[in-house]
Each structure stands twice: as structure tokens, then as C-alpha cells.
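One structure is given below, encoded as C-alpha cells.
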Amino acid sequence: MSGLDLSAKFGRTVPDGRSLDPGLFADGSPAGGEIVEIVGDSNCGKSCLILELIAKIILPVNCGGHAAGAVFVNCDNNINLVYLLNIMEKQIVNCTIPANKTIDRIEIERIRQESFSRLTMIKCCTMDEFEFSFLTLNELFAENHLNKYLLIDSVVAFYWSKCTETNLIRMDTYIKLLYRRLRRLCRDRNIAAICTRPLHFVSGNRESVTTEFDDSAEVNSLSSITRSMSSTNKINNTSIEHRIELAEVVSLTPNDDVKFNAFVTSNGKQMIKFFAIDKYGINWLN
């Protein structure tokens, strides 16, 4: 496929440069010292969204990225690097400046390789490895000041290894203590953390929220989701600046394509967005 073919396939948009993702963080966030929490049930796009954000972090500025460094701690082993390559390809073609520049496969590969030099990946398969990674993160960020983001998928992957018959710990307590450690690291090193967490990971009962994708869904579901998010905040008792809750949209007919919604709470501001997922990542529908 030629550069012109790729441009026709994806179209082009020029980012405003204000934010990691202006569609999600309209105020220019996340800033150093802040935490972003991505929550949702299985197969709602949590890992896909974190890959989208990784691509935006490490890609060069003229490709819509930030040319910054990122440390990615992979705990759930749900990450497909081929999928990340596809996401990067879409962003390169969509956002490269100038917009009339022809991009061929060789140039795309060069940009991806150069961008990967700014990504440090840590794979954790056990609780011991996860704890050890926390001990080394401070030094890792101290040695490389280009590293501006820490991403963890999932932040609660090893809870059941920690919670045993002789060491019982509530889910809320576990996440609160872990975020306290994470907050300290973020403030000390002036970095932002982006974490995924299963929606059900709370000690109390919580109503699930579903919405229908039609003209009235955004308005009708917003108050319900807001109440749900407020409940989650109280249960977790954590001061998260940005929370993105993902959920599958209830299809009006069986033949409808699968769609999802993202309810975003960012520094007190709230909005809802709809999206679909394909082999090139997330496609925002509004």
C-alpha cells in the first residue's frame, strides 16, 4: 500500500499539541504528579486505550506525538505488540505534518523504530516481580529525564497473590495503598501515571451501567453513569485526577457493530464519548 493509499484510508487530522489526547484531556492534562485510571469490564478496550496513549507519548511531534519517554509495566500479558504497530501506523498517517507529505512503508518503519527507543517495557509475571519493578522505577526515571509517563496494565493483577488466608486484605485497602506509593513516585519524579483496573475490583457491590447508542443515550445515561462514578470514587477512597470508565454499548439490533462508551472524569469535568475498535485501534465516533 502506497503513502497516498494510506492517507486515503485513514484521513488526516492535525493535533493541537495541548494535551496527551485533547479528546480525553481537554484541559491539557495529565500533568506531572497526576494519576489516570482506566476502568472497565473485560473486552471493553482498556488495553487498547493504553496502547493508543503509548503511541501518542513516544511518536515524534511531527507525527502527532510528544517525543517523550514512557515506562510500560505489563502485568496482565494482554498486550499485542503487532497491534501497537498498527496503532502507530494509523497515527503516523493521520497526524504527520505537513499533511501533504507522502509516507511510504520504509518511512513508517523508520519512525516506529525511532519511537520505540523511547519506550521501556517491563513484564511482570509474579507479585515478586511487580514489587521489584516498583523498587527500580525511581532509579529508572531518575536516570532518564525523557521518561515522563508510567503506564501499568493492570495495577491490580497480583492482588490475589497478596491476599491469602494468613494475610487478608480488602480490595479497597490494597488499591489505596498501591496508589499511595504510586502518587509518591509521580510527585518525586514529576511524571504522570496511567493505570488500568477491572471495574469489579472494589469491595462493595456496584451496579453495572449500560447505555444504548442512539440520539438520547448520551443525555439519558449521563446522570446514571455520574452516580455510578461517584460511588466508585467513594468506595476506592482515592484522589484520582482523571478516570476513564469504559463500557460496551447495548446494541439496538443484533446486526449493529459493537460500540463502546467512555465516561471521562478529568479534574472535576465530565463527558461521555463513543468509540469502536478495529485492527488499527480506537475510532472515536464523536
Side-chain angles (χ1 to χ4, degrees), residues 20-26 29-30 35-54 75-76 78-80 83 87 151-157 159 171-172 175 179 194-238 240-286:
L20 177 58
D21 189 321
L24 295 175
F25 311 107
S29 302
I35 297 176
V36 180
E37 186 181 54
I38 303 171
V39 300
D41 291 325
S42 298
N43 300 317
C44 282
K46 297 190 299 296
S47 296
C48 182
L49 180 55
I50 212 167
L51 290 181
E52 293 270 349
L53 297 176
I54 287 175
C75 301
D76 274 348
N78 289 329
I79 299 302
N80 185 333
Y83 198 33
I87 291 172
L151 304 101
I152 305 176
D153 183 37
S154 151
V155 74
V156 297
Y159 165 75
M171 290 180 176
D172 304 338
I175 194 68
Y179 276 146
I194 304 172
C195 309
T196 66
R197 173 181 64 80
L199 186 62
H200 62 265
F201 193 87
V202 288
S203 299
N205 293 327
R206 183 185 181 283
E207 292 183 4
S208 60
V209 177
T210 57
T211 60
E212 293 185 354
F213 189 74
D214 60 17
D215 292 339
S216 61
E218 183 170 339
V219 176
N220 293 336
S221 65
L222 188 57
S223 59
S224 297
I225 301 177
T226 303
R227 290 193 299 270
S228 171
M229 291 296 296
S230 176
S231 174
T232 303
N233 290 339
K234 292 177 182 177
I235 290 172
N236 286 335
N237 194 23
T238 57
I240 304 298
E241 288 81 11
H242 315 277
R243 180 176 277 106
I244 305 170
E245 182 173 338
L246 308 180
E248 184 175 345
V249 174
V250 177
S251 299
L252 296 178
T253 66
N255 295 327
D256 285 348
D257 293 335
V258 178
K259 297 181 180 69
F260 306 88
N261 64 55
F263 184 81
V264 183
T265 303
S266 182
N267 286 326
K269 300 176 182 178
Q270 297 176 326
M271 65 177 176
I272 188 168
K273 297 176 68 70
F274 293 92
F275 64 95
I277 300 175
D278 61 23
K279 68 175 182 178
Y280 289 98
I282 289 178
N283 295 310
W284 298 104
L285 305 177
N286 58 339

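Predicted, not measured: the structure shown is a model, and the values here were computed from it. Side chains are part of it too, since the values below use all heavy atoms of this structure and drop only hydrogens, waters and symmetry mates.
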| request: Going by the side-chain contact (heavy atoms from CB on, under 4.5 Å) test, name the single residue among Ile38, Ile194, Ile175 that passes it with Val155. | output: Ile175
| request: Starting from the C-alpha separation in whole Å, work towards a yes-or-no answer on side-chain contact (heavy atoms from CB on, under 4.5 Å) for Val249 and Phe274. | output: CA-CA 9 Å; Val249 174; Phe274 293 92; 3.9 Å; yes
| field | Which atom of Ile50 lies closest to which atom of Ile152, heavy atoms considered | value | CD1-O, 3.8 Å
| query | Pick one: which of Ile282, Leu24, Leu285 meets side-chain contact (heavy atoms from CB on, under 4.5 Å) with Lys273? | reply | Leu24
| Non-hydrogen side-chain atoms of Thr196 and Ser47 separated by less than 4.5 Å | no
| query | Do Leu53 and Asp21 touch side chain to side chain, with heavy atoms closer than 4.5 Å? | reply | yes
| field | Spatial distance of atom CG (Leu51) from atom CG (Asp153) [nearest 0.5 Å] | value | 8.0 Å
| query | How long is the span from the CD atom in Glu52 to the CG atom in Leu20, to the nearest 0.5 Å? | reply | 11.0 Å
| request: Check the surroundings of atom CG in Asn43: do more than 12 heavy atoms from other residues, nucleotides or ligands lie under 6.0 Å from it? | output: no
| What's the verdict on side-chain contact (heavy atoms from CB on, under 4.5 Å) for Val258 and Glu248, showing C-alpha distance, side-chain angles and the deciding distance? | CA-CA 8 Å; Val258 178; Glu248 184 175 345; 3.8 Å; yes
| Do you know which two heavy atoms are closest between Gly45 and Ile277, and how far apart they sit? | CA-CD1, 3.9 Å
| note | Taking every heavy atom of Ala157 against every heavy atom of Asp76, the minimum-distance pair comes out as CB-OD1, 3.3 Å
| task | Write down the atom of Glu241, the atom of Ile35, and the distance for their closest heavy-atom approach. | result | OE1-N, 3.0 Å
| Distance-minimising heavy-atom pair for Cys48 and Tyr83 | SG-OH, 3.4 Å
| query | Do Lys259 and Phe275 touch side chain to side chain, with heavy atoms closer than 4.5 Å? | reply | no
| Within a strict 4.5 Å, meaning less than it, do heavy atoms of the Tyr179 and Cys195 side chains meet? | yes
| field | Sequence-distant partners of Ser266, side-chain hydrogen bond (donor to acceptor under 3.5 Å, both in side chains), two or more places apart | value | His242
| said: Looking at Lys46 and Asp41, would you say the former's side chain and the latter's main chain have a donor-acceptor pair under 3.5 Å? | reply: yes
| So, do Ile244 and Phe263 sit near enough that their side-chain heavy atoms are less than 4.5 Å apart? | no
| query | Considering only heavy atoms from C-beta outward, does the side chain of Phe25 approach that of Val36 to under 4.5 Å? | reply | yes
| request: Give a yes or no answer on whether the side chain of Glu37 reaches the backbone of Arg243 with a donor-acceptor pair at less than 3.5 Å. | output: no
| side-chain contact (heavy atoms from CB on, under 4.5 Å) between Ile54 and Leu151: does it pass, once the steps are laid out? | CA-CA 8 Å; Ile54 287 175; Leu151 304 101; 3.7 Å; yes
| request: May I ask you to test the Val264-Ile272 pair for a side-chain heavy-atom distance under 4.5 Å? | output: no
